[in-house]
Amino acid sequence: MIRSATLARTAVKHRRREPDTRAAAWLGVALGISFGLCFATGVWSHLAQDPPPWFTSPSRPAGLYRITQGLHVTSGTAAIPLLLAKLWTVHPRLVEWPPARSALHAVERLALLPLVGGALFLVVSGTANVAAWYPWRFFFPRAHFWAAWITVGALVVHIGAKASATRSALRRAGRSAADDTGTPRGADDPSDRRAFLTGAAVASAALVVATAGGTVPALSPMSVLAQRRPGQGPQGVPVNKTAEGARVVGAATDPAYRLVVEGAAVPERLALSLVDLRALPLHEATLPIACVEGWSASARWRGVRVRDLLDLAGVARLDHVLVESLQPTGRYRTSELAARQARDRDTLLALDLDGEPLALDHGFPARLIGPNRPGVLQTKWVARLVVG
Amino acid sequence: MTAADPMPAAAAGGTSSRRGLIVGLVLGTPGIAYGARGALVDAADTHPAELARWIVGAAVVNDLVLLPLAGAAAWALRRMIPAPAWPTVRAGALTIAVLTLVAWPFVRGYGRDPANPSLLPRDYATGLAVAVAVVAAVTAAVAARRVLTVTWPSDASRSLARRRGPGHGRRARGRGGLRP
């Protein structure tokens, strides 16, 4: 014991922290994979949530978005300890003299600012979003999205610069500079490196277990930092926006409520009361609510098929359906159904959740629910379908 | 240094490939430009100046505050911990630090909404305390086991291992190895 302590002190005294290039290489590969997966699923989410004219999200598989978005949040979370371990490893290299050896080297070092700052911003803002905390003025999804392009662009520059050094560092794995020079250094001790990398992997796994319970219900008892608890919420399903928060309580409970189907493609405008809606053929579908924050919850919905409403209104051809909420304001007051999604047999104007009328917070009197749609596009308190 | 090993380990990280960098710039710059343009065009939503402050600020806080603090903590811990336990303690400390950082906004409950009890429904302070206690207990147990069972190699056996070359010393062998 005394021996060890003495030895440790000696080791510390002689230790000059050198960047461990092999640890940096391994962490770089792990980060490349996690950030790559995070970026791909993030772009996918952006396309699904805010589709450009050339893109229509597929309706099947119905649970695709809960998987891609669960992966997005999980891979981003898993990357946090890896990113910190990587920055810790290369930190001694931050200050170099001369700062740049050539113009090209200066460009390479300059690209580290958007890479490091961007990567940290992505994990910080992503985590804050999951915690429903917005200590800034920008709109999170947009800022996060554009910052991701900047970061990944800088990452590609960095990978280009470091690919061959990474390959050769990994190829020399197992060989230690301590063996060559006879001076053991912390940075070049393979067992120390292995322990460091294992530590980063353990931290990453612990963080995933602590947060992923909203996506993977089996982890929920251990997910002490999960944003949601499965089964907790009105009718056992979590809620993002409440009726009170959306300021729809009065309009949603008004007996004069009518669902209106109208628009350029509608020959006969419809105005249906809740009683009228319940008199139509009702269908069931088991579909998840999958939120951008990574949690998802499956439920059994029952309601009128949107395509039946379109047929009832005499719609022959359509391009899209704009679904409007009773909400007076809000970015997600409306959502759009492409023709294919509107005609899907599981796209419902739901009236019931798990056998009971919808709770006010779930969108009473009627809400949209469809396969493979991000949660914010499952419009609640639907007042109007505008068919174009 | 031999022909088969053209770069000493410490220098390898600083060795960037000129050609690779040019390929990286050709492929990566459009991504940076697309993101920057998007952030500027979308200014009403992105508040570009504030966004830039966050990105630069994240790097500055990390490099000038977080990592130096971590370095100081590592330096202090290392003096208190028997050497064989150090790698285990370092892993435990990293895990606890990361859990605490991520837990911060949950524990403070910045995003809580009294009208929506299904959002942030847990007692995160207790959850964090339990998680930290579990990690600390596991770390202590593994570290204690290592201190008690690992025979610290004598200087003689270490120099013997070094003379034999890589792969022969007990410290260099280990489970699994790093060889890809």
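Note on naming: letters A, B, ... go to the chains in the order of the sequence lines (proteins, then strands), and numbering restarts at 1 for each one. Bear in mind that the values here come from a model prediction, so they are computed numbers and not experimental data.
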task: May I ask you to decide if Val130(A)'s main-chain N or O and Gln227(A)'s side chain share a donor-acceptor pair within less than 3.5 Å?
output: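 Side chain of Gln227(A) to backbone of Val130(A): a pair is present.
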Between [options], which has the largest tally of heavy atom pairs under 4.5 Å with chain A?
{"options": "Glu50(B), Arg112(B), Met80(B)", "answer": "Glu50(B)"}
{"options": "Val98(B), Thr95(B), Ile96(B), Leu67(B)", "answer": "Leu67(B)"}
{"options": "Leu94(B), Leu120(B), Leu66(B)", "answer": "Leu120(B)"}

task: Could you tell me which portion of Ala131(B) (side chain, backbone, both or neither) has an atom closer than 4.5 angstrom to a non-hydrogen atom of chain A?
output: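 For Ala131(B), the side chain is the part near chain A, not the backbone.
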- prompt: Measuring heavy-atom distances to chain A, does Arg37(B) have an atom under 4.5 Å in its side chain, in its backbone, in both, or in neither?
  reply: neither
message: Using the rule given for salt bridge (Lys or Arg N to Asp or Glu O under 4.0 Å), can you reason through Arg142(A) versus Asp50(A), listing the C-alpha separation, both sets of side-chain angles and the distance that settles it, and then say yes or no?
response: CA-CA 10 Å; Arg142(A) 292 290 170 84; Asp50(A) 203 357; 2.5 Å; yes
- prompt: Given Arg193(A), which of Thr198(A), Thr89(A), Asp20(A) fulfils the side chain to side chain donor-acceptor pair (under 3.5 Å) condition?
  reply: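 In the set Thr198(A), Thr89(A), Asp20(A), the residue that makes a side chain to side chain donor-acceptor pair (under 3.5 Å) with Arg193(A) is Asp20(A).
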field: Residue among Lys162(A), Arg109(A), His158(A) satisfying side chain to side chain donor-acceptor pair (under 3.5 Å) with Ser16(B)
entry: Lys162(A)
message: Need one label for Val124(A): side chain, backbone, both or neither, based on atoms under 4.5 Å from any heavy atom in chain B.
response: side chain
field: Residue, of Ala132(A), Ala161(A), Gly199(A), Ser125(A), that accumulates the most heavy atom pairs under 4.5 Å with chain B
entry: Ala161(A)
Top of Ile80(A), Thr242(A), Leu115(A) for chain B proximity - count of heavy-atom pairs under 4.5 angstrom: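 Of the options given, most contacts go to Thr242(A).
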N-O pairing of Asp45(B) and Arg331(A) below 4.0 Å: yes
